[in-house]
2 protein chains.
Amino acid sequence: MIQLAKELGLSVSTVSKALGDSHEISASTKKRVLELAKKYKYKPNPFASNLRKKKGKQIAVIIPDIVNNFFALAVDGIESVTMSKHYDTFIYLTHENLEREKAVLEHLESGLISGLIISVCTGREGYAHFQEFYETTKLPIVFFDRVPDLLQFPKVISNNYESSFDATARLIKAGSKRPVLITTTEPMFTSMERRRGYQDALEKHGIVFTDEMIIHCTDDMALNYTILRKIFSQKKRPDGIFASIEKYAITSYEVCKDLKLSIPKDVKVIGMTNLRTAALLNPSLSTLSQPAFDMGKEAAGLLIKMIEKKSYAAANDIIVLPNELTIRDSI
Amino acid sequence: MIQLAKELGLSVSTVSKALGDSHEISASTKKRVLELAKKYKYKPNPFASNLRKKKGKQIAVIIPDIVNNFFALAVDGIESVTMSKHYDTFIYLTHENLEREKAVLEHLESGLISGLIISVCTGREGYAHFQEFYETTKLPIVFFDRVPDLLQFPKVISNNYESSFDATARLIKAGSKRPVLITTTEPMFTSMERRRGYQDALEKHGIVFTDEMIIHCTDDMALNYTILRKIFSQKKRPDGIFASIEKYAITSYEVCKDLKLSIPKDVKVIGMTNLRTAALLNPSLSTLSQPAFDMGKEAAGLLIKMIEKKSYAAANDIIVLPNELTIRDSI
DNA sequence: TGCTTTTACGAAAACGTTATAGGAAAAAAG
DNA sequence: CTTTTTTCCTATAACGTTTTCGTAAAAGCA
């Protein structure tokens with residue numbers, strides 16, 4: 001910038017203002033500055049700029065996993081808007097590790113970013129770190145999908161309760177007398193909502209709910225296989241599955257295949273997943289899929305609004321997008 | 001930091017040096033400073049620090065797509081090392097758009113990052129922007145998977161030639177008399193290598209190669225379907241497929257399903273893919289998969305080495321990792 | 001005309017660090 | 001006991017912007 005100023009016979013402050021399109025600078029000067037800046041491919045140093053302005057155009061995305069179609073799609077959605085708004089996007093993966101999540105948050109208290117999008121990892125022992133992060137930084141945060149139900153922050157979610165109700169109802173209508181729900185051991189708001197939908201659908205259709213109808217799976221795929229295989233080897237095995245997590249649908253398929261249980265004759269399956277190959281599975285998998293890309297878009301849009309308009313009181317905004325039920329051959 | 005200095009009765013520079021573990025500061029003073037810093041949860045402002053040091057702990061990853069198991073796994077690998085080395089990772093998606101790729105590169109010339117990991121988008125019309133980026137910034141760059149063959153930069157790739165040769169040979173040994181290669185219209189170094197492997201395997205096994213045996217597909221899934229359906233509707237249709245791109249294997253399956261061609265009886269298929277559901281497709285898909293996570297890890301490791309040891313002359317390093325051929329029912 | 005207001009710019013301070021140079025006291029060397 | 005070296009710390013100047021404030025000239029107004 002000093003170089004530019006010298007060459008144009010202007011002061012550094014004038015050049016800075018011209019580049020910032022300030023009203024204090026005449027149109028002709030602005031033009032001269034812009035032209036020379038372009039010629040020299042001048043790019044303002046973001047560190048200097050951020051330091052002085054005490055904020056930048058960087059945001060962070062914290063998610064449990066990226067090797068998961070839902071989160072990959074969400075990141076895609078987020079990036080599509082940060083890109084168009086000329087923001088830079090940091091990515092951090094927690095791998096369902098709460099300590100890691102806390103560490104990232106603490107790291108970000110340094111002021112590296114101007115906003116945060118997050119989908120929390122499993123376990124509900126504590127959301128205090130989010131509150132604390134907010135207290136110390138006052139930075140806008142948007143939660144999506146896996147949201148902390150008790151905290152007052154803007155959120156982007158999908159209609160887990162309603163759609164789970166519908167999915168379960170479809171299983172029952174298709175003939176399942178005793179559909180089970182496969183969910184996580186670690187409680188999460190999203191899973192609880194799905195469970196509510198599931199249970200209410202049972203009740204509505206006069207099916208008595210018992211605790212064994214909830215199957216808790218883990219992060220360990222091999223263990224999940226064992227758990228499911230045991231349950232489906234029983235004489236009085238379930239005849240329907242609502243797999244409320246992407247990977248559990250896959251394991252269900254594997255178990256049924258190995259136990260020579262026919263889908264959908266012996267077991268009807270609906271999986272909550274964004275897998276692109278669902279239609280190509282054997283048999284094609286009926287899915288309840290989340291609008292992942294749009295959820296990402298909405299979250300990023302909301303966040304940037306909050307960053308740019310300080311007045312924007314979005315603190316309690318909750319955006320709910322609809323899941324999509326696609327019935328295929330597995331039911 | 002001023003606050004800390006005041007409270008400890010020290011100068012700001014002493015505090016800074018103590019936090020930086022400088023040898024100029026006595027152990028006792030260091031301890032005092034560290035303790036108070038911890039108590040106050042002091043975090044150095046990265047902008048000020050980066051500005052003064054003229055470099056930071058941020059890197060960028062530029063990839064064509066994230067909704068693709070290969071790239072998702074690669075990002076996972078990259079993040080695993082940047083995380084452990086306390087680097088922050090920006091992510092940019094080009095969606096195979098060269099203009100977007102150029103724009104990102106130009107944006108990064110501002111000095112926001114200290115290093116770059118990239119997998120280029122399709123089309124080979126120009127790699128000049130990479131060279132130019134390097135000339136102006138002198139920043140370390142590591143390419144992975146989709147690398148510009150003609151440029152002298154460190155690269156992390158997989159053994160595309162050899163593994164494609166092997167995969168094609170397996171198709172032939174399984175009985176395919178006329179296996180085709182499905183590849184992109186846009187030429188890329190990786191696809192060319194795969195093609196070389198394919199052709200050499202044909203030659204080795206005495207199969208005469210003709211141009212129609214290369215099927216060019218696009219980014220448009222619907223168009224790909226049309227292209228493939230037409231080819232497989234012919235009387236003299238191919239009896240084997242080596243799908244050198246993830247999504248083309250899926251479309252192949254769809255086409256065969258719709259044309260009632262039996263896999264593997266009528267058509268034998270091997271797909272180059274990292275899909276986790278490959279084993280669950282109907283029939284289970286034989287795959288040639290890339291060590292995506294490890295490629296990401298290697299790329300990030302190499303980059304950070306280059307960033308931290310200025311002397312490290314890695315400019316010509318090429319790391320080659322082996323692909324993995326998994327034979328399932330589709331062959 | 002003389003007054004106020006607006007326009008267009010410059011000087012200088014600030015943002016929060018780190019690096020360089022320097023210096024006093026303490027320790028070591030002679 | 002001097003002289004030299006080492007240890008430990010401070011003052012100050014960067015780093016490259018933006019912002020605040022000041023001011024000369026031009027414009028508006030009566």
Side-chain angles (χ1 to χ4, degrees), chain A residues 1-34 36-37 40-58 86 88 107-114 136-138 308 310, chain B residues 1-34 36-37 40-58 86 88 107-114 136-138 308 310:
Chain A
M1 226 167 83
I2 293 175
Q3 168 73 4
L4 287 181
K6 223 175 245 171
E7 204 147 325
L8 289 163
L10 292 169
S11 76
V12 178
S13 34
T14 305
V15 173
S16 170
K17 284 174 190 169
L19 292 170
D21 198 28
S22 160
H23 66 275
E24 291 183 28
I25 305 299
S26 72
S28 62
T29 312
K30 273 181 194 168
K31 203 180 149 205
R32 284 206 307 142
V33 173
L34 267 316
L36 199 67
Y40 284 167
K41 294 192 180 175
Y42 164 80
K43 309 251 166 19
N45 179 317
F47 301 134
S49 168
N50 291 350
L51 174 59
R52 180 61 233 234
K53 295 201 292 192
K54 292 194 165 218
K55 65 170 174 173
K57 287 199 138 200
Q58 289 79 39
H86 302 288
D88 302 297
H107 170 65
L108 292 175
E109 284 181 2
S110 65
L112 188 62
I113 52 162
S114 298
T136 65
T137 64
K138 295 291 175 194
E308 298 189 344
K310 289 202 130 184
Chain B
M1 225 166 83
I2 294 175
Q3 168 73 5
L4 287 180
K6 223 176 246 170
E7 203 147 327
L8 288 162
L10 292 169
S11 76
V12 177
S13 32
T14 305
V15 174
S16 170
K17 282 175 188 167
L19 292 170
D21 198 29
S22 159
H23 65 275
E24 291 184 30
I25 306 299
S26 72
S28 63
T29 312
K30 273 182 195 168
K31 204 180 149 204
R32 284 206 307 143
V33 173
L34 267 317
L36 199 67
Y40 285 167
K41 295 193 181 177
Y42 164 79
K43 309 254 167 16
N45 179 317
F47 301 134
S49 170
N50 291 350
L51 173 60
R52 180 62 233 237
K53 295 202 292 193
K54 292 194 164 220
K55 63 168 175 177
K57 286 199 139 201
Q58 288 79 39
H86 303 289
D88 302 296
H107 170 66
L108 292 176
E109 283 181 4
S110 65
L112 188 62
I113 54 163
S114 297
T136 65
T137 64
K138 295 291 175 194
E308 299 190 344
K310 289 202 130 183

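Every chain is numbered from 1 and lettered A, B, ... according to where its sequence line falls, protein lines coming before strand lines. Keep in mind that what you see is a predicted model, and the values were worked out from it rather than measured.
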Taking atom [atom2] of [N] as reference, at what distance in whole Å does atom [atom1] of [X] sit?
X: A:L19; N: D:dT19; atom1: CG; atom2: P; answer: 13 Å
X: B:K55; N: C:dA19; atom1: NZ; atom2: C1'; answer: 14 Å
X: A:K53; N: D:dT20; atom1: NZ; atom2: C1'; answer: 16 Å
X: A:E24; N: D:dA25; atom1: CD; atom2: P; answer: 18 Å
X: B:I2; N: D:dT12; atom1: CD1; atom2: C1'; answer: 14 Å
X: B:K43; N: C:dT17; atom1: NZ; atom2: C1'; answer: 16 Å
X: B:M1; N: D:dC9; atom1: CE; atom2: C1'; answer: 14 Å
X: B:D21; N: C:dT17; atom1: CG; atom2: P; answer: 18 Å

Under 4.0 angstrom, heavy atoms only, what part of the nucleic acid is [X] near: base, sugar-phosphate, or nothing?
X: B:L10; result: sugar-phosphate
X: A:G111; result: nothing
X: B:K54; result: sugar-phosphate

Practice item. Could you tell me whether the side chain of A:R52 has a donor or acceptor atom within less than 3.5 Å of a complementary atom in the base of D:dT18? Key: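 For A:R52, whose side chain was compared with the base of D:dT18, there is a donor-acceptor pair (under 3.5 Å).
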Is there a side-chain contact between [X] and the phosphate of [N], meaning an N or O under 4.0 Å from OP1 or OP2?
X: B:S16; N: C:dG16; answer: no
X: B:S11; N: D:dT10; answer: yes
X: A:Y42; N: D:dG16; answer: no
X: A:S13; N: C:dA12; answer: no

Side-chain heavy-atom pair [X], [Y] within 4.5 angstrom cut-off:
X: A:T136; Y: B:K41; answer: no
X: A:R32; Y: A:L10; answer: yes
X: A:H107; Y: A:L112; answer: yes
X: B:V33; Y: B:K17; answer: no

Which nucleotide wins on minimum distance to the side chain of [X], given the candidates [options]?
X: A:T29; options: C:dC9, C:dG16, C:dG10; answer: C:dC9
X: A:I25; options: D:dT17, D:dC15, C:dC9; answer: C:dC9
X: A:V12; options: D:dT18, C:dT17, D:dC9; answer: D:dT18

Practice item. Between B:H23 and B:A48, name the one whose nearest nucleotide on DNA chain D is closer to the 5' end. Key: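 Looking at DNA chain D, the more 5' nearest nucleotide goes with B:H23.
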Practice item. For B:T14 and for B:L51, find the nucleotide of DNA chain D with the closest heavy atom, then tell me which residue's nucleotide is more 5'. Key: B:T14
Check your understanding: Do B:K30 side-chain atoms and B:S22 backbone N/O form a donor-acceptor pair below 3.5 Å?
Key ->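 Yes; judged by distance alone, with no hydrogens or angles, the pair exists.
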Exercise for review: Tell me which of B:P44 and B:K17 sits closer to the 5' end of DNA chain C, going by the nucleotide each one is nearest to.
Suggested key: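 Nearest nucleotide further toward 5': that of B:P44.
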Check your understanding: For the atom pair CG (B:L108) and NZ (A:K43), what is the distance rounded to the nearest 0.5 Å?
Key ->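 Nearest 0.5 Å value for the CG-NZ distance: 10.0 Å.
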